[in-house]
Amino acid sequence: MAQPLRPQSEAELVARARALSGRRVGELASELGQPCPPDLRRAKGFVGGLVERALGADAGPRALPDFSLLGVELKTLPVDARGRPVESTFVCTIPLTEVANLEWEASPVWRKLRRVLWVVVEGQRSLPPAQRRIGEPLLWSPSPAQERALRFDWEELAGLIGRGDVERITGHLGNCLQVRPKAATSRSRRRGTDRDGAFFDAMPKGFYLRATFTATLLAEHFVVSAAG
DNA sequence: GATTGATCATGT
DNA sequence: ACATGATCAATC
């Protein structure tokens, strides 16, 4: 595969993603001139980066959607043999000292999730990365009900952080969004705000989508026939 | 088996 | 330091 150019429309992007469906990660890697790691322990973002390059994502590490021209974010989603997500999905890091002042519409969660191209990929650990097949893409925006659910969780979690309770939040909170560590090590720290409004060195945190949420959104779009 | 907290690589 | 891309591995 030659160097892909940026897709010029959502239709072109989806057509490219559909063309990857059924192919294996190992094939795609060799076509892009990249060695495929034997496992993902030291290459956790490998499949995501590979699909980005195959589809012509242009944003790089900038704070822009992966397809900046189209305003579309790309997420690869590892699934098991039944097509159910095997992992939560990282959304964004949390600006701990700012979330209290952000409305939902201006939140990094909404900005990331308003338009997403999900690319399902086999993700069973028993399957070497090179053998994993790429599945169907889904260009998605939250339904009104999904947006309400996301917004509800955002307001609860951002509210707690804004009140200085970030260190009391665990991964148990939130129905579809959750807050978990997002750091190189457990010693990592970034500036947060305590209950008195003073800064302190807090664990860096990120918002993640629960696998139950992504499972539901896939199920709503990929209708499974009784015949299988 | 599902979930939570911890961690890995790379680039600016 | 912190953003991007996520999965690992201990525990529930």
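Protein chains get the first letters and strands the later ones, always in sequence-line order, with residue 1 at the start of each. All values derive from a computational prediction rather than experimental measurement. All values below were derived from every heavy atom in this structure, side-chain atoms included, with hydrogens, water molecules and symmetry-related copies excluded.
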Discussion item. At 4.0 Å (heavy atoms only), tell me whether A:S188 reaches a base, stays on the sugar-phosphate, or touches nothing.
Written reply: nothing
Discussion item. When you measure from the side chain of A:R189 to the backbone of A:P204, do you find a donor-acceptor pair of N or O atoms at a distance under 3.5 Å?
Written reply: no
Discussion item. Regarding A:E147 and A:R151, does a basic nitrogen lie under 4.0 Å from an acidic carboxylate oxygen?
Written reply: no
Item to complete: Indicate whether the side chain of A:S141 and that of A:R115 have a donor and an acceptor atom separated by less than 3.5 Å.
Response: yes
Item to complete: Specify the separation, in whole Å, of atom CG of A:L209 and atom P of B:dT3.
Response: 14 Å
Discussion item. Could you check whether any side-chain N or O of A:D196 sits under 3.5 Å from a backbone N or O of A:A198, counting only pairs where one atom can act as donor and the other as acceptor?
Written reply: no
Worksheet entry | Distance in angstrom units between A:D58 CG and C:dG5 P, rounded | 12 Å
Worksheet item: Can you tell me if the side-chain N/O atoms of A:Q178 get under 4.0 Å from OP1 or OP2 in B:dT4?
Response: yes
Worksheet item: Looking only at N and O atoms, is any donor in the side chain of A:K112 or the base of C:dG5 less than 3.5 Å from an acceptor on the other one?
Response: no
Worksheet item: Between residues 68-85 of chain A and DNA chain B, which residues have a heavy-atom gap below 4.0 Å?
Response: none
Discussion item. Need one value for A:G48: base, sugar-phosphate or nothing, where a base atom within 4.0 Å counts as base even if backbone is also close, heavy atoms only.
Written reply: sugar-phosphate
Item to complete: Using only heavy-atom distances, determine whether the side chains of A:Q146 and A:E220 contain a donor-acceptor pair under 3.5 Å.
Response: yes
Discussion item. Over all strands shown, is A:R180 touching base, sugar-phosphate only, or nothing at heavy-atom distances under 4.0 angstrom?
Written reply: base
Worksheet entry | Which residues share a side chain to side chain donor-acceptor pair (under 3.5 Å) with A:R24, sequence neighbours left out | none
Identify each atom pair where a protein N or O and an N or O of nucleotides 9-11 of chain C are less than 3.5 Å apart, giving names and distance.
from  : atom 1 : to     : atom 2 : distance (Å)
C:dA9 : N7     : A:R125 : NH2    : 3.0

Worksheet entry | Qualifying residues under side chain to side chain donor-acceptor pair (under 3.5 Å), relative to A:D165, sequence neighbours excluded | A:R163, A:R168, A:R195
Worksheet item: In whole angstroms, how far is the C1' atom of C:dC2 from the CD1 atom of A:I94?
Response: 14 Å
Fill in: A:F46: partners by ring-ring contact (aromatic ring centres under 6.0 Å, His included), with sequence neighbours left out
none
Item to complete: Quickly work out the A:L64 CG to B:dG11 P distance and round it to whole Å.
Response: 19 Å
Discussion item. Under 4.0 Å, heavy atom to any atom of DNA chain B: which of residues 163-174 of chain A qualify?
Written reply: A:T170, A:G171, A:H172
Worksheet, complete the sentence: When A:F90 and A:R190 are each assigned the nearest nucleotide of DNA chain C, the 5'-most assignment goes to A:R190
Item to complete: Using a cut-off of strictly less than 4.0 Å, decide whether A:T93 has a side-chain nitrogen or oxygen near OP1 or OP2 of C:dA3.
Response: yes
Worksheet item: CD of A:E52 versus C1' of B:dG11: gap in Å, rounded?
Response: 12 Å
Discussion item. Does any part of the side chain of A:V166, heavy atoms only, come nearer than 4.5 Å to the side chain of A:K205, both counted from C-beta?
Written reply: yes
Fill in: Steps toward salt bridge (Lys or Arg N to Asp or Glu O under 4.0 Å) verdict (A:R6, A:E12)
CA-CA 9 Å; A:R6 297 142 54 174; A:E12 186 183 353; over 6 Å; no
Worksheet item: A:A211 near the nucleic acid: base, sugar-phosphate alone, or nothing, with a heavy-atom cut-off under 4.0 Å?
Response: nothing
Worksheet item: Whole-Å distance between C:dT7 P and A:Y208 OH?
Response: 11 Å
Item to complete: May I ask you to check whether A:R180 and A:S88 show a side-chain donor-acceptor distance below 3.5 Å?
Response: yes
Item to complete: Evaluate whether atom CZ of A:R190 has more than 12 neighbouring non-hydrogen atoms of other residues, nucleotides or ligands under 6.0 angstrom away.
Response: yes
Worksheet item: Taking for each residue the nucleotide of DNA chain B bearing the nearest heavy atom, is the 5' side occupied by A:S88 or by A:K44?
Response: A:S88
Worksheet item: What is the nucleic acid contact for A:K205, judged by heavy atoms within less than 4.0 Å: base, sugar-phosphate only, or nothing?
Response: nothing
Worksheet item: Rounded to whole angstrom units, what separation is found between the CZ atom of A:R53 and the C1' atom of B:dT10?
Response: 10 Å
Discussion item. Is it the case that atom CD in A:E103 sees more than 12 heavy atoms from other parts of the structure closer than 6.0 Å?
Written reply: no
Practice prompt. Could you state the atom-to-atom distance from CZ of A:R187 to P of C:dC2 in whole Å?
Written response: 16 Å
